[in-house]
Amino acid sequence: MMLVLVVVLVIVCMVLLLRLKQQQARVSALYKSDKMKSHFIRAMVYEIRDPLMSVIELAETMGNQGLFLSKGEKKHLADQINFHTSLMATLLDEVQVYSTGSKGGHQLEDERFSPNRLCERCIDANLHKVQKGVKLMFRQETGQGVFVSSDRHLVELILNKLVVLACRFTKKGEITVGCSFDEATRRLTFVVQDTGDGIPEERQDAMFKWYNNPDDIYDDTEIDLSISQQIASKIGGYLHWDETYKNGTRIEFILPVR
């Protein structure tokens, strides 16, 4: 009888220990999920605030009855408003990308666009973010007559995120944005190159990694790069860090186009 009781107690203890471990795993998963959400929301708030404030300022300018604007100036302001509102709409798709990895989210749409013009739009939109003394420049390597087809909104979102990050971490020197097109392979390569401090050596292997553990994240920049890589993969592209560039950071966004 005593032996049976001991066996029963052992079984009960094992079941309790198993359930305790399961509960601990659930609590740990909830903790990680909550911490990841905090990282992501903080990054999203930072990104959405700028285009939102830009839209408000541009709308106030256009609505100023005492300010005379030419047709060209009005069109420029309208284009800027359209750029920032499109950017905000596409940024919201990051929520789906973040929550489902590379699945779900934005429905892909082909649109014909000029890579050069897209680079210029991203530069115009971020001139106010450049730190004092830093130059933000466009390096044209593709003919003005080149037009390609891909999901322009996602391409613009990724390129804009790379330019924003370069502006944030470049305190002197210059930031160069450019693109090149290989007609033979139908491959478009965007380049964002800066003279900032570069990527810390201890974080280089973690660039573009998809994070499941919040404790692995060094800062919110890594979330931006992680999400950018996932978005790039949705349209068949990828991000590449040029480790041979030693004067700062050079990131390439390589994309097959039609």
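Note: hydrogens, waters and symmetry copies are ignored here, and every other heavy atom, side chains too, is used. Note that the coordinates shown come from a computational prediction; the quantities given were computed from them, not determined experimentally.
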(request) Please name the pair of heavy atoms, one in Thr61 and one in Leu69, separated by the smallest distance, quoted to 0.1 Å. (result) O-CD1, 4.1 Å
(request) Identify the two heavy atoms, one from Thr249 and one from Gly198, that lie closest to each other, and give their separation to 0.1 Å. (result) OG1-CA, 3.2 Å
(request) Can you sort out the partners of Glu60 under salt bridge (charged side-chain N to carboxylate O under 4.0 Å, His left out), two or more places apart, ordered by chain and number? (result) none
(request) Give the intermediate values and the outcome of side chain to side chain contact (heavy atoms under 4.5 Å, CB included) for residues Leu157 and Leu159. (result) CA-CA 6 Å; Leu157 172 63; Leu159 183 60; over 6 Å; no
(request) Please check if atom CZ in Arg186 has more than 12 non-hydrogen atoms from other residues, nucleotides or ligands closer than 6.0 Å. (result) yes
(request) Could you tell me whether the side chain of Ile175 reaches within less than 4.5 Å of the side chain of Lys135, counting heavy atoms only? (result) no
(message) Can you give me the closest heavy-atom contact between Thr142 and Cys179, atom names plus distance?
(response) OG1-O, 2.9 Å
(request) State, yes or no, whether a side-chain contact exists between Ile251 and Leu225 at a heavy-atom distance under 4.5 Å. (result) yes
(message) Salt bridge check, Lys71 against Glu73: does any charged N sit closer than 4.0 Å to a carboxylate O?
(response) no
(message) Measuring only between side-chain heavy atoms, which start at C-beta, is Asp110 closer than 4.5 Å to Asp151?
(response) no
(request) For Thr244 and Asp242, test the side chains for any donor-to-acceptor distance below 3.5 angstrom and give the result as yes or no. (result) yes
(request) Just jot down the salt bridge (charged side-chain N to carboxylate O under 4.0 Å, His left out) partners of Arg152, sequence neighbours excluded, or say none. (result) Glu111, Glu156
